[in-house]
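Beneath this line is the structure, given in structure tokens, with notes to follow.
Everything quoted here is computed from the prediction, not taken from an experiment. No hydrogens, no waters, no symmetry mates; every other heavy atom, side chains included, goes into these values.
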Amino acid sequence: MGTCELCERESVETTVHHLLPKEMGGTFGSTAHLCIPCHKQIHALYTNEEIAARLTTILELKADDQLARFLKWIRKQPSTKLMKIKKSNERKRKR
């Protein structure tokens, strides 16, 4: 259990998020500890190419419009609540 570096909720299970995706050369780069919902939301909204191009820091992630709306909502949720995260319609069309 820890604190999510993105939504800042405490006592949540965290996973390691590579700020530069591993497939884009970030295997040994900077990482952040994110709660599972935040981590899933990033990958549901954006491809690894989009993440590598403009979302490689916690500040850039927090400043992103789509992610900021999610963060505003998730901060109000209890740390024990698990939510279902779906790919955005825009991301589905990019396949």
Practice task
Answer with yes or no whether the hydrophobic clustering places Tyr46 together with Leu20; edges join I, L, V, M, F, W, Y residues whose side-chain heavy atoms lie under 4.5 Å apart.
Solution key: no
Practice task
Flag yes if Ile58 and Met24 sit in one hydrophobic cluster, no otherwise; membership is Ile, Leu, Val, Met, Phe, Trp, Tyr, and two members link when side-chain heavy atoms are under 4.5 Å apart.
Solution key: no
When you compare the side chain of [Y] with that of [X], does any pair of heavy atoms fall below 4.5 Å?
X: Asn48; Y: His43; value: yes
X: Leu71; Y: Cys38; value: yes
X: Glu49; Y: Glu23; value: yes
X: Gln77; Y: Arg9; value: yes
X: Arg54; Y: Asp64; value: yes
X: Cys7; Y: Phe70; value: no

Taking all atoms of both residues into account, what is the closest heavy-atom pair of [X] and [Y], and its distance?
X: Leu19; Y: Ile51; answer: O-CG2, 3.8 Å
X: Met1; Y: Ser11; answer: SD-O, 3.7 Å
X: Thr47; Y: Glu50; answer: N-OE1, 2.8 Å
X: Thr15; Y: His39; answer: OG1-ND1, 2.6 Å

Exercise for the section: Working to the nearest 0.5 Å, report the span between CG of Leu45 and CG of Asp65. Expected result: 11.5 Å
Exercise for the section: May I ask you to check whether over 12 heavy atoms, not counting those of Glu10, lie within 6.0 Å of atom CD? Expected result: no
Problem - Criterion side-chain contact (heavy atoms from CB on, under 4.5 Å) on Leu67 and Gln41, from CA distance to verdict - result: CA-CA 8 Å; Leu67 212 45; Gln41 185 69 16; 3.8 Å; yes
Problem - Passing option when Pro37 is tested against Ile42, Val12, Leu6, Ile74 for side-chain contact (heavy atoms from CB on, under 4.5 Å) - result: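 The passing option is Ile74.
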Problem - Glu5 side chain to His33 backbone, donor-acceptor under 3.5 Å - result: yes
